[in-house]
There are 2 protein chains.
Amino acid sequence: MSAAGEVKSVVSDPRLVEERRRQIILAAVELFSKEGYHTTTIQQIARRAGTSTGLIYQYFGDKEDVLFLTLKLVIDSYENEIPFRLDGVVHPVERLCTALSAYCGVVDRLRDATVLAYRSTMSLRAERRALIKEGETRTNRLIEACVRDCTTGGFMRPVAEHLLAYQYVMFAHSWALKHWSYRERYALDEYVEEGIQLLVDPFLTAKGRLALASKRARDEVPGADLPVD
Amino acid sequence: MSAAGEVKSVVSDPRLVEERRRQIILAAVELFSKEGYHTTTIQQIARRAGTSTGLIYQYFGDKEDVLFLTLKLVIDSYENEIPFRLDGVVHPVERLCTALSAYCGVVDRLRDATVLAYRSTMSLRAERRALIKEGETRTNRLIEACVRDCTTGGFMRPVAEHLLAYQYVMFAHSWALKHWSYRERYALDEYVEEGIQLLVDPFLTAKGRLALASKRARDEVPGADLPVD
DNA sequence: ATCTGTAATGAACGATCGTTCAGCCATTAT
DNA sequence: ATAATGGCTGAACGATCGTTCATTACAGAT
């Protein structure tokens with residue numbers, strides 16, 4: 001695992017490595033997203049990053065390494081940001097809605113890179129492709145756990161949890177994949193709201209729907225149902 | 001429009017053109033899907049198709065032409081097969097379920113090519129990319145019309161039709177995109193059935209649910225509710 | 001001031017691959 | 001029998017681009 005996940009660097013100073021790689025990856029995301037992985041050249045990346053071509057080979061073993069760290073940035077963002085937003089949220093229905101909202105939020109922030117992941121993961125060698133897929137699977141399981149907590153808690157009627165979880169994932173990804181179509185119809189938060197209407201609400205029990213309503217009330221006028229003094 | 005959609009051929013006999021292109025495209029789908037567009041070479045396509053490299057340039061202007069006709073085959077299949085399966089089906093709820101089933105069916109038949117479409121459409125020049133996108137949009141509108149017929153007929157409660165239609169599209173596409181995960185869990189018809197449970201059933205009115213139940217009864221034992229003599 | 005090691009450069013190399021084209025075969029017309 | 005036509009071949013060309021490496025720049029140590 002560590003062998004496939006490691007990226008060789010000639011430079012020893014870890015701080016410098018992190019900074020330079022960040023600089024190069026930022027340029028790479030932009031170019032890979034716009035032009036595609038195979039059609040953007042190392043020279044283009046270097047120019048955009050404001051460095052020389054040779055420098056890239058000081059911080060990456062080869063071109064594929066640049067792609068790998070670019071995609072890893074995306075799935076790491078998923079894996080970090082969603083749990084972060086879930087932190088402190090306890091009610092299962094709220095957790096599910098928050099997870100969906102968080103997922104759509106990261107996708108929105110990394111829209112180009114998300115599309116890039118769809119298009120270019122297969123340009124990685126098999127071991128690394130597997131690493132990326134594992135990361136996605138972990139996030140899927142996180143969503144699935146949210147669904148299960150809703151059903152076992154009696155907030156949601158029994159459903160095909162695995163499949164429903166995937167619908168949430170696809171719903172979030174679609175915000176990037178079909179953005180050319182959604183852009184002119186919905187803002188991000190409207191999109192999330194409609195998603196809850198379509199993919200959460202119908203499966204809630206009366207008890208679950210109550211919880212959702214109280215969350216909505218709280219979101220609308222924060223602190224309105226708390227005594228103000 | 002016709003300029004971007006045309007593919008130049010040196011050979012004049014139309015029957016031969018169709019046959020050869022078919023032969024080459026079949027090889028191309030396989031290789032593009034497995035190795036990616038940019039990494040498969042014309043020589044590989046030629047070898048797999050059992051011809052010479054030069055022959056490909058008798059029937060296609062350049063490599064991009066091969067990709068274009070490959071992707072066009074996919075979206076044309078969508079546009080033909082779904083209406084074909086809908087032919088003769090009159091009840092709105094049945095039409096919607098049939099459309100979803102048909103869509104999943106084509107995706108299953110062209111699984112690799114569907115994934116290829118996601119990955120490689122952007123390798124086409126802008127005009128052609130637009131043509132492909134138009135084809136997808138037409139299919140989307142077809143699904144959306146099925147949804148609208150359900151709502152206006154009172155078989156489905158009011159919903160965000162555009163968005164729900166997209167969920168159906170994504171559900172069908174997911175069969176290809178996430179096949180590595182679904183394969184070991186569902187057969188195709190189970191997948192479609194679960195899809196209806198998840199994305200159709202919850203939005204049906206009592207009237208609509210009745211129609212679905214009667215369709216199911218008919219599918220289970222064909223002709224069972226007809227007098228047999 | 002000199003030395004040493006680390007970081008950065010970018011011209012040049014070599015391999016790959018899309019594309020061409022001069023010639024080959026087979027079939028039909030003269 | 002010969003010519004003409006149309007389809008087919010695959011070696012060779014040329015351009016592109018990932019990668020290397022000899023060289024320079026610079027900072028800190030001696």
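Proteins get letters first, then strands, A, B, ... in listed order; numbering begins at 1 in each.
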inquiry  = Which residues pass the side chain to side chain contact (heavy atoms under 4.5 Å, CB included) test with B:D65, not counting sequence neighbours?
reply    =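 Result, side chain to side chain contact (heavy atoms under 4.5 Å, CB included) vs B:D65: B:V7, B:F60, B:D62, B:R128.
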query = Are B:K63 and B:F68 in a cation-pi contact, defined as NZ or CZ under 6.0 Å from the six-membered ring centre and within 45° of the axis?
reply =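 The answer is no; the distance or angle limit is not met.
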ask   = Do the side chains of B:K178 and A:M170 get nearer than 4.5 Å, heavy atoms only?
value =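 SC-SC contact between A:M170 and B:K178 confirmed.
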ask   = Do B:E194 and B:Y186 come within less than 4.5 Å of each other through their side chains, counting heavy atoms only?
value =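 Yes - at least one pair of side-chain heavy atoms lies under 4.5 Å apart.
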task = Describe, as an angle rounded to 10 degrees, how the axis at the first end of the helix from C:dA1-D:dT30 to C:dT30-D:dA1 is tilted relative to the axis at the last end, five pairs per end.
result =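 What I find for the helix from C:dA1-D:dT30 to C:dT30-D:dA1 is an axis angle of 20°.
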message = Does anything in residues 60-69 of chain B come within less than 4.0 Å of DNA chain C? Heavy atoms only, and list the residues if so.
response =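 Contacts with DNA chain C under 4.0 Å: B:D62, B:K63.
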Separation of atom [atom1] in [X] from atom [atom2] in [N], rounded to whole Å:
X     : N      : atom1 : atom2 : value
B:D13 : D:dT5  : CG    : C1'   : 14 Å
A:I56 : C:dA7  : CD1   : P     : 17 Å
A:Y57 : D:dT19 : OH    : P     : 4 Å
A:I42 : D:dG18 : CD1   : C1'   : 7 Å

Please tabulate, one pair per line, each protein N/O and nucleotide N/O from nucleotides 25-30 of chain D that are separated by under 3.5 Å, including the distance.
none

List every contact pair, protein side and nucleotides 28-30 of chain C side both N or O, where the distance is under 3.5 Å.
none

key: Residues in ring-ring contact (aromatic ring centres under 6.0 Å, His included) contact with B:Y57, at least two apart in sequence or another chain   =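 Here no residue qualifies.
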query = Looking at residues at least two apart in the chain, or sitting in another chain, which of them share a ring-ring contact (aromatic ring centres under 6.0 Å, His included) with A:Y182?
reply =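 In terms of ring-ring contact (aromatic ring centres under 6.0 Å, His included), with neighbours along the sequence ignored, A:Y182 is linked to A:Y191, B:Y166.
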Would the distance check show the side chain of [X] and the main-chain N or O of [Y] forming a donor-acceptor pair, the cut-off being under 3.5 Å?
X      : Y      : value
B:R48  : B:A27  : no
B:S9   : B:Q58  : yes
A:R111 : A:A176 : no

inquiry  = Show me the pairs that pass ring pair (Phe, Tyr, Trp, His ring centres under 6.0 Å) and involve residues 3-30 of chain A, at least two apart or across chains.
reply    = none
Tabulate below the donor-acceptor pairs under 3.5 Å that side-chain atoms of residues 97-106 of chain B make, not counting sequence neighbours, or state none.
from, atom 1, to, atom 2, distance (Å)
B:T98, OG1, B:E94, O, 2.6
B:S101, OG, B:R85, NH2, 3.0
B:Y103, OH, B:H173, NE2, 3.0

query = If you measure from the Lys or Arg side-chain nitrogens to the Asp or Glu carboxylate oxygens, is any gap between A:E190 and A:R185 under 4.0 Å?
reply =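 No, A:E190 and A:R185 are not salt-bridged.
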query = Can you give one letter per nucleotide of nucleotides 8-14 of chain D, going 5' to 3': B for a protein heavy atom under 4.0 Å from the base, S for sugar-phosphate only, - for none?
reply = BBBB---
query = Hey, are B:E161 and B:T151 close enough side-chain-wise for a donor-acceptor pair under 3.5 Å?
reply =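 Side chains of B:T151 and B:E161: pair found under 3.5 Å.
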inquiry  = What contact category does B:S9 fall into here, base, sugar-phosphate, or nothing, at under 4.0 angstrom with non-hydrogen atoms?
reply    = nothing
query = What residues, two or more places apart in sequence or in another chain, satisfy side chain to side chain donor-acceptor pair (under 3.5 Å) together with A:R20?
reply =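 A:Q23.
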message = B:D76: which residues meet the salt bridge (charged side-chain N to carboxylate O under 4.0 Å, His left out) condition with it, sequence neighbours left out?
response = B:K72
